[in-house]
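To keep things clear, I will list the structure first and then write my remarks on it.
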Amino acid sequence: MRAAVCPQHGPPDVVRLEDVPAPPLESGQVRVQVGAAAVNFPDVLLVADKYQIHVPVPFIPGSEFAGVVTEVAADTDGFAVGDRVTGTGLFGAFAEQVCVPATGLARIPGGVDDGAAAAFGVAHRTAYHTLRSVARIQPGDDVIVLGAGGGVGLAAVQLATALGARVTAVASSDEKLSTAAQYGAVSLIKHARADLRAALRDALPDGADAVLDPVGGDLSEPALRTLRRGGRFVTIGYASGIIPRIPLNLVLVKGIQILGFQFQDVAADEFSRNEAELRDLLATGTVRPHIGAVYPLDQAAAALQEVAAGKAVGKVVIELRTPSAGRSTPATP
């Protein structure tokens, strides 16, 4: 089978297309013919060996995929050949086939294509669990989303809007802000052009109820200072590459909470509720991932580079069903 392989750790351009043996099917697993895979920032970090988990080389990057079940292990229940499924893992998705535990798969709702199914998982699940169970967003809340044009950020804009919040989107380019506006953001701030603290004060004179921060760096403190008393600041990741240093006196003086998101910290009953609500939002078409760019498998390195450089708008998808197709940018809704 063909796969994008990381033969040595380094920048995205170390990744290359190779013919490799198909993975063996093990107990409890199903084999999936991958139709599409989505690129996430941790994929870039794994290739660079800068993630919190080390993956020995050579390995196949990619943590998010969608496709069709082609084989089921004899002791495995729940799925049959022909089922359309999506799933996530630490690596292995940038390949024509994956063998994964059946327990980690979900069926793709009818009417949802492979690209959308692959792009929906990591970013939208991260954003929704954060909004519902960590930031505890309520209708009418004012929410600041940093990095609002990226995968998690744009998903947060969409989902916070669906939950009835008013979203202030902070992003690095006019294109990203324009896209955030299409998905419901009511205030738009291009941080490269503005004093972020002053711009947020103008947009939210009474302060914000919550901040979602998948970026870190210099954006975090001005956003935190915009919170009203009792507000929640949720740190999700550090796409800027810089972990912010927050003056703790702000927490004391403003009576705010600084929270971190991890899937495993969400209570089991809330996790099940959130997952069911999210599936319904996808199945009904209430929310769809924004796919800003599509690459063929032989351009996986370029797809990773787009995400690494912070140029991606929404999600970047690797399409495997039409390997000869060139890159395209789907229309926005």
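Fair warning: this is a prediction, and the values are worked out from it, not measured in the lab.
A pairwise comparison of heavy atoms in Val98 and Gly92 identifies CG1-O, 3.1 Å as the closest pair. Counting all heavy atoms, side chain and backbone alike, Leu131 lies closest to Ala156 at CD1-O, 3.9 Å. Closest approach of Ala118 and Ala38 over heavy atoms only: O-CB, 3.5 Å. Val145 and Gly153 get closest at one heavy-atom pair: CG1-O, 3.4 Å. Nearest heavy-atom pair, Pro12 versus Leu304, reported as atom, atom and distance to 0.1 Å: CB-CB, 3.7 Å. For the pair Arg245 and Pro247, the tightest heavy-atom approach, listed with the atom from each and the gap, is O-CD, 3.7 Å.
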>> Using side-chain contact (heavy atoms from CB on, under 4.5 Å), reason through Leu281 and Tyr128 one step at a time and then give a plain yes or no.
In response: CA-CA 11 Å; Leu281 289 169; Tyr128 199 69; 4.0 Å; yes
>> Working note: Asp114 + Phe65, criterion side-chain contact (heavy atoms from CB on, under 4.5 Å); need CA distance, chi angles, decisive distance, verdict.
In response: CA-CA 8 Å; Asp114 285 350; Phe65 63 89; over 6 Å; no
>> Applying side-chain contact (heavy atoms from CB on, under 4.5 Å) to Val167 and Tyr183, what does each step give before you reach the verdict?
In response: CA-CA 10 Å; Val167 176; Tyr183 287 100; over 6 Å; no
> Given Arg228 and Lys254, is the side-chain contact (heavy atoms from CB on, under 4.5 Å) satisfied, shown in steps?
Replying inline: CA-CA 7 Å; Arg228 60 173 59 108; Lys254 295 174 70 68; over 6 Å; no
>> With side-chain hydrogen bond (donor to acceptor under 3.5 Å, both in side chains) as the criterion, how do Ser220 and Asp213 come out once you've worked through the C-alpha distance, each side chain's angles and the decisive distance to 0.1 Å?
In response: CA-CA 7 Å; Ser220 301; Asp213 181 10; 2.5 Å; yes
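The residues Asp298 and Arg16 are annotated as not salt-bridged, no charged nitrogen and carboxylate oxygen being separated by less than 4.0 angstrom. Glu64 and Lys315 are joined by a salt bridge, as a carboxylate oxygen and a charged side-chain nitrogen come within less than 4.0 angstrom of each other.
One side chain, Glu306 or Tyr295, offers a donor N or O that lies under 3.5 Å from an acceptor on the other. Inspection of the Thr168 and Asp142 side chains reveals no N or O donor paired with an N or O acceptor under 3.5 Å.
The local environment of CG in Asp75 is crowded, with over 12 non-hydrogen atoms from other residues, nucleotides or ligands closer than 6.0 Å. Atom NZ of Lys190 is surrounded by more than 12 heavy atoms from other residues, nucleotides or ligands within 6.0 Å. No more than 12 heavy-atom neighbours from other residues, nucleotides or ligands sit within 6.0 angstrom of CG on Asp218.
At least one donor-acceptor pair closer than 3.5 Å links the side chain of Thr76 to the backbone N or O of Gly28. Thr161 contributes a side-chain N or O that, together with a main-chain N or O of Val157, makes up a donor-acceptor pair within less than 3.5 Å. In this structure, the side chain of Thr286 does not engage the main chain of Leu282 through any donor-acceptor pair within 3.5 Å. At distances below 3.5 Å, not a single donor-acceptor pair connects side-chain atoms of Asp141 with backbone N or O atoms of Val143. No donor-acceptor pair closer than 3.5 Å links the side chain of Asn40 to the backbone N or O of Asp43. Although no hydrogens or angles enter the test, the distance criterion places no donor-acceptor pair under 3.5 Å between the side chain of Gln29 and the main chain of Ala73. The backbone N or O of Asn274 lies less than 3.5 Å from no partner atom in the side chain of Arg279, so there is not a single donor-acceptor pair. Listed for the Arg31 side chain is no donor-acceptor partner under 3.5 Å among the backbone atoms of Val72.
Annotation: the span from Arg232 atom CZ to Ile137 atom CD1 amounts to 5.5 Å, rounded to 0.5 Å. Atom CG of Asp209 sits about 12.0 Å away from atom OG1 of Thr226, to the nearest 0.5 Å. Atom CZ in Phe91 sits 12.5 Å away from atom OH in Tyr51 (nearest 0.5 Å). Note that CG of Leu163 is 12.0 Å distant from CD of Gln158, once rounded to the nearest 0.5 Å. One finds the OG1 atom of Thr179 at 10.5 Å from the CG atom of Asp174 (value rounded to the nearest 0.5 Å). With rounding to the nearest 0.5 angstrom, the CD1 atom of Ile144 is 7.0 Å from the CD1 atom of Ile189.
Under the side chain to side chain contact (heavy atoms under 4.5 Å, CB included) test applied with Arg2, the options Leu320, Val20, Leu297 reduce to a single match, Leu297.
Using a 4.5 Å cut-off on side-chain heavy atoms (C-beta onward), Cys99 and Val30 make no contact. His9 is listed as a side-chain neighbour of His54, based on a closest heavy-atom distance under 4.5 Å. In this structure the side chain of Pro244 reaches within 4.5 angstrom of the side chain of Tyr238, judged on heavy atoms. Looking at heavy atoms from C-beta onward, Glu18 lies out of side-chain contact with Pro58 at the 4.5 angstrom threshold. Using a 4.5 Å heavy-atom threshold, the side chains of Pro7 and Val57 count as separate. Arg132 places none of its side-chain heavy atoms less than 4.5 Å from the side chain of Glu270. Inter-residue side-chain proximity for Asp13 and Gln305 is flagged as unmet; no heavy-atom pair is nearer than 4.5 Å. Thr126 has its side chain within reach of Ile236: a pair of non-hydrogen atoms, C-beta onward, lies under 4.5 Å apart.
Linking ILVMFWY residues whenever their side-chain heavy atoms come closer than 4.5 Å, directly or via other members, leaves Val122 and Val316 in distinct clusters. Both Phe271 and Leu159 are assigned to one and the same hydrophobic cluster, defined by single-linkage of ILVMFWY side chains at heavy-atom distances under 4.5 Å. Two different hydrophobic clusters hold Val253 and Leu224 under the rule that ILVMFWY side chains link at heavy-atom gaps under 4.5 Å. Under a hydrophobic clustering in which Ile, Leu, Val, Met, Phe, Trp and Tyr are joined whenever their side-chain heavy atoms come within less than 4.5 Å, directly or via other members, Phe59 and Met1 fall into the same cluster. Using a 4.5 Å cut-off between side-chain heavy atoms of Ile, Leu, Val, Met, Phe, Trp and Tyr, with links allowed through other members, Val100 and Leu25 fall into different hydrophobic clusters.
Ring centroid separation for the pair His124 and Phe120 comes in under the 6.0 Å cut-off.
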For residues 195-208, please give each side-chain donor-acceptor pair under 3.5 Å, one per line with the distance, not counting sequence neighbours.
residue	atom	partner	partner atom	Å
Asp195	OD1	Arg197	N	3.2
Asp195	OD1	Ala198	N	3.3

Let me check something: any side-chain donor-acceptor pairs from residues 101-111 under 3.5 Å, sequence neighbours excluded? List them with distances.
residue	atom	partner	partner atom	Å
Arg107	NH2	Gly78	O	2.6
Arg107	NH2	Asp83	OD2	3.4

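Aromatic ring pairs are classed by plane angle as parallel below 30°, tilted from 30° to 60° and perpendicular above 60°; the pair Phe263 and His129 is perpendicular.
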